[in-house]
Trainee: 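Could you have a look at this structure, given as structure tokens, before my questions?
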Amino acid sequence: MLLVNTIRDHFETVLEGLQKRNFPHAEATLHQVLELDKSRKETQTQRDNLQAEANAISKEIGMLMREGKKEEAEKIKSRTSEIKEQVKSLEETYNNYEEDLKQLLYSIPNVPHSSVPSGKSAEDNEIVLEYGEIPKLPEGSLPHWDLIKQYDIIDFDLGVKIAGAGFPVYKGRGARLQRALINFFLDEALKAGYYEVQPPILVNEESGYGTGQLPDKEGQMYEAAADSLYLIPTAEVPITNMYRDVILNEVDFPIKNVGHTPCFRREAGSWGAHVRGLNRLHQFDKVEIVHVSHPDQSYEALEEMSIYVQGLLKKLELPYRVLRLCGGDMGFTSALTYDMEVYSAAQERWLEVSSVSNFEAYQANRLKLRYRGEDKKIQLAHTLNGSALALPRIVAAILENNQTEEGIRMPKVLIPYLGFDLL
RNA sequence: AGAGGAGUGGCAGAGUGGUCGAAUGCGGCGGUCUUGAAAACCGUUGUACCGCAAGGUACCGGGGGUUCGAAUCCCUCCUCCUCUGCCA
């Protein structure tokens with residue numbers, strides 16, 4: 001969430017940013033934040049002063065008791081009961097202000113970076129670059145949902161039987177392709193200096209709030225209600241939350257973690273013609289990179305991540321493009337997001353395979369993720385993350401783009417992992 | 001899952017109702033001494049909020065309660081350890 005100080009000190013900038021996102025009632029909401037904060041402060045001052053008085057009296061009673069002056073002690077006791085009641089009521093008022101303020105701040109999205117284009121939907125995203133040649137497929141080429149049946153490598157019907165729609169079973173060489181991709185992505189990340197972690201794939205409520213899935217996207221996560229746990233929609237949640245309530249030292253930067261996890265998404269209400277086959281699933285695998293950065297270096301980190309992800313796509317020989325998301329299409333917590341899309345030749349459309357974002361201090365503020373600078377001052381760090389990469393659409397693109405009359409050609413970099421070069 | 005024990009500052013570890021944000025040791029930082037270092041000695045060393053400041057308030061696993069006053073007593077939840085049970 002945004003800092004109240006930021007809203008106060010950079011009111012116009014914040015306001016313009018929120019308008020770029022088409023955030024409704026931005027100005028009124030921001031004023032409300034400042035009002036609530038002001039009331040909160042005033043209440044605290046009153047409460048603290050009364051509390052100080054009560055503390056002083058208590059101390060005095062203690063001294064009188066020790067000196068054996070019981071009667072005098074009893075006399076002042078009565079004075080405290082009045083103060084106590086006032087403190088209690090002020091405490092309630094204070095808590096209400098604080099809670100209201102928190103809820104209001106939760107409802108305000110991050111302020112977009114100045115380079116973020118304004119716009120309402122995916123159509124307003126800015127194409128930063130395109131790379132690679134769009135393949136011309138032979139006659140009779142098939143979309144991946146037909147190819148997986150023909151080669152019998154991914155079985156949706158079997159998944160329906162076991163779990164439901166959107167939970168495919170990867171079989172034989174399909175399963176091996178999954179494993180090869182995961183290993184390839186992890187090995188590449190290690191070469192690029194990432195630190196590998198294997199986090200839990202269920203998280204508690206606090207973690208959900210830490211990275212912003214709660215309360216904003218509650219309905220998108222599967223919930224293990226009996227234990228108040230959520231299945232992760234992305235490894236961003238557990239990996240970033242490793243740094244919740246942490247004060248780093250400046251020398252710890254840059255922090256670069258990578259982890260592979262399955263991801264679970266309910267995708268409530270988002271099914272349609274465009275989401276056949278592997279395009280949208282309830283469970284899929286993803287290798288995620290998460291950076292924790294010094295605020296001065298977070299945009300360099302974002303570029304580094306973007307270039308890293310592009311490197312993976314090049315190695316996989318997939319044509320791709322990079323988008324800078326517009327204000328209306330960006331995630332709630334992000335300040336700047338690049339989407340990487342690969343071209344899926346049989347579907348003749350671009351598929352998002354990675355989303356790389358800088359959250360600046362938005363998550364760090366919720367997480368209480370800070371660092372101690374050289375001047376000993378404690379400040380919020382910046383967090384970033386990106387997919388590197390999400391598997392299903394990569395698989396879809398590899399299958400569709402590489403189909404030949406002899407079979408489906410595997411990218412060269414995967415062959416050592418796969419042990420075969422043709423599907 | 002059952003029985004018992006325990007959770008205190010970066011770490012270790014005192015503290016069972018008032019003078020405790022908390023002894024002491026280690027570690028960290030600064031200094032004295034030294035050509036330099038070690039040792040020794042001196043000082044310093046949690047976080048958040050309010051306040052121009054002086055200063056104040058809160059925090060001893062989380063939450064709630066008793067009391068004029070809680071690290072200390074009570075309730076509850078969480079976590080860890082030991083034993084038993086179960087099990088990849």
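Naming: A, B, ... by sequence-line order, numbering from 1 per chain.
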Trainee: What is the distance, rounded to the nearest whole Å, between atom OH of A:Tyr371 and atom P of B:U47?
Mentor: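 The answer, rounded to whole Å, is 15 Å.
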Trainee: Could you check whether A:Glu206 pairs with A:Arg244 (Lys NZ or Arg NE/NH1/NH2 to Asp/Glu carboxylate O, under 4.0 Å)?
Mentor: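 Salt bridge: yes.
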Trainee: Between B:A70 and B:G63, how far is it from one C1' atom to the other, in whole Å?
Mentor: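 Per the computed distance, 16 Å lies between those C1' atoms.
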Trainee: Does anything in residues 170-182 of chain A form a salt bridge (charged side-chain N to carboxylate O under 4.0 Å, His left out)? List the pairs, not counting sequence neighbours.
Mentor: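 Counting only pairs at least two positions apart or across chains, the salt bridge (charged side-chain N to carboxylate O under 4.0 Å, His left out) contacts touching residues 170-182 of chain A are A:Asp152-A:Lys171, A:Asp155-A:Lys171.
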Trainee: Check nucleotides 8-12 of chain B against the protein and report each pair of N or O atoms closer than 3.5 Å, with its distance, or say if there are none.
Mentor:
none

Trainee: For B:C73, give the paired nucleotide (Watson-Crick: N1-N3 plus N6-O4 or O6-N4; G-U: N1-O2 and O6-N3; both under 3.5 Å), or none.
Mentor: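 The answer is B:G65, by the H-bond criterion.
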Trainee: Between B:G30 and B:A37, how far apart are the two P atoms, rounded to whole Å?
Mentor: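 Rounded to whole Å, the distance is 12 Å.
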Trainee: When the C1' atoms of B:G17 and B:G25 are considered, how many whole Å apart are they?
Mentor: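 Pairwise C1' distance, B:G17 against B:G25, rounds to 28 Å.
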Trainee: Tell me the partner of B:U32, counting only Watson-Crick (N1-N3 plus N6-O4 or O6-N4) or G-U wobble (N1-O2 and O6-N3) with both under 3.5 Å; none if nothing fits.
Mentor: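 Paired with B:A40.
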Trainee: Suppose we define a pair by two distances each less than 3.5 Å, Watson-Crick or G-U wobble; what does B:A58 pair with here?
Mentor: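 Partner of B:A58: B:U47.
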Trainee: Do A:Lys286 and A:Thr234 have a side chain donor and acceptor closer than 3.5 Å?
Mentor: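 Side chains of A:Lys286 and A:Thr234: pair found under 3.5 Å.
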Trainee: Counting Watson-Crick and G-U wobble pairs only, both distances under 3.5 Å, name the nucleotide matched with B:G17, or none.
Mentor: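 When the pairing criteria are applied, nothing turns out to pair with B:G17, so the answer is none.
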Trainee: When rounded to the nearest Å, what value does the distance between C1' atoms of B:C49 and B:C41 take?
Mentor: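 The answer is 39 Å between these two C1' atoms.
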Trainee: How would you summarise protein contacts on nucleotides 49-70 of chain B per nucleotide, using B for base, S for sugar-phosphate only and - for none, with heavy-atom distances below 4.0 Å?
Mentor: BSS----BSS---------BS-
Trainee: Less than 4.0 angstrom from a charged side-chain N to a carboxylate O is my criterion; do A:Lys256 and A:Glu304 meet it?
Mentor: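 Salt bridge present between A:Lys256 and A:Glu304.
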Trainee: More than 12 non-hydrogen atoms from neighbouring residues, nucleotides or ligands closer than 6.0 Å to CZ on A:Phe284, yes or no?
Mentor: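 Yes, CZ of A:Phe284 has more than 12 neighbouring heavy atoms, counting only those of other groups under 6.0 Å.
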Trainee: To the nearest Å, how far apart are A:Leu380 CG and B:U47 P?
Mentor: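 Rounded to whole Å, this separation is 15 Å.
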Trainee: For the C1' atoms, the ones on B:A6 and on B:G13, what distance do you get once it is rounded to whole angstrom?
Mentor: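 That atom pair is separated by 14 Å.
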Trainee: Going by heavy atoms in the side chains, are A:Trp350 and A:Met340 under 4.5 Å from each other?
Mentor: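 No. Closest side-chain heavy atoms not under 4.5 Å.
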Trainee: What interatomic distance, in whole Å, is found between P of B:G18 and the corresponding atom of B:C86?
Mentor: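 48 Å, rounded to whole Å.
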Trainee: Tell me which nucleotide, if any, is Watson-Crick or G-U wobble paired with B:G4 when both distances must be under 3.5 Å.
Mentor: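 Matched B:G4 with B:C81 under the 3.5 Å cut-off.
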Trainee: Taking the six-membered ring for Trp and the single ring otherwise, decide whether the centroids of A:Tyr194 and A:Tyr308 are under 6.0 Å apart.
Mentor: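 Ring centroids of A:Tyr194 and A:Tyr308 are less than 6.0 Å from each other.
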Trainee: How about CD on A:Glu42, more than 12 heavy atoms from neighbouring residues, nucleotides or ligands closer than 6.0 Å, or not?
Mentor: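 Yes, enclosed.
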Trainee: What is the distance from CG of A:Leu3 to C1' of B:A48, rounded to the nearest Å?
Mentor: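 For the pair A:Leu3 CG and B:A48 C1', the rounded distance is 13 Å.
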Trainee: Between B:C11 and B:G28, how far apart are the two C1' atoms, rounded to whole Å?
Mentor: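 Here B:C11 and B:G28 have their C1' atoms 11 Å from each other.
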Trainee: Check whether any side-chain heavy atom of A:Ile289 lies under 4.5 Å from a side-chain heavy atom of A:Asn385, and answer yes or no.
Mentor: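 Sidechains of A:Asn385 and A:Ile289: no contact.
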Trainee: Between A:His382 and A:Tyr371, does any side-chain donor sit less than 3.5 Å from a side-chain acceptor?
Mentor: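 Side chains of A:His382 and A:Tyr371: no pair found under 3.5 Å.
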Trainee: Could you state the atom-to-atom distance from NZ of A:Lys377 to P of B:A48 in whole Å?
Mentor: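 Roughly 12 Å, once rounded to whole Å.
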Trainee: When you compare B:U19 with B:A71, how far apart are their P atoms, in angstrom units rounded to a whole number?
Mentor: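 B:U19 and B:A71 have their P atoms separated by 9 Å.
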Trainee: I need the CD-P distance between A:Glu205 and B:C78, as an integer number of Å.
Mentor: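 So the CD-P distance, A:Glu205 to B:C78, works out to 15 Å.
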Trainee: Please classify the nucleic acid contact of A:Ile378 as base, sugar-phosphate, or nothing, using heavy-atom distances under 4.0 Å.
Mentor: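 Since only primed, P, OP1 and OP2 atoms lie under 4.0 Å of A:Ile378, the category is sugar-phosphate.
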Trainee: Look through every strand shown and name the nucleotide pairing with B:G25 as Watson-Crick or G-U wobble, where both distances are under 3.5 Å.
Mentor: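 Pair assignment: B:G25 / B:C11.
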Trainee: Using the closest heavy atom to pick a nucleotide of RNA chain B for each, name whichever of A:Lys376 or A:Arg372 lands nearer the 5' end.
Mentor: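 Upstream on the strand: A:Lys376.
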Trainee: What are the two closest non-hydrogen atoms of A:Val237 and A:Pro233, and how far apart are they?
Mentor: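 Heavy-atom minimum between the residues: CG2-CD, 4.0 Å.
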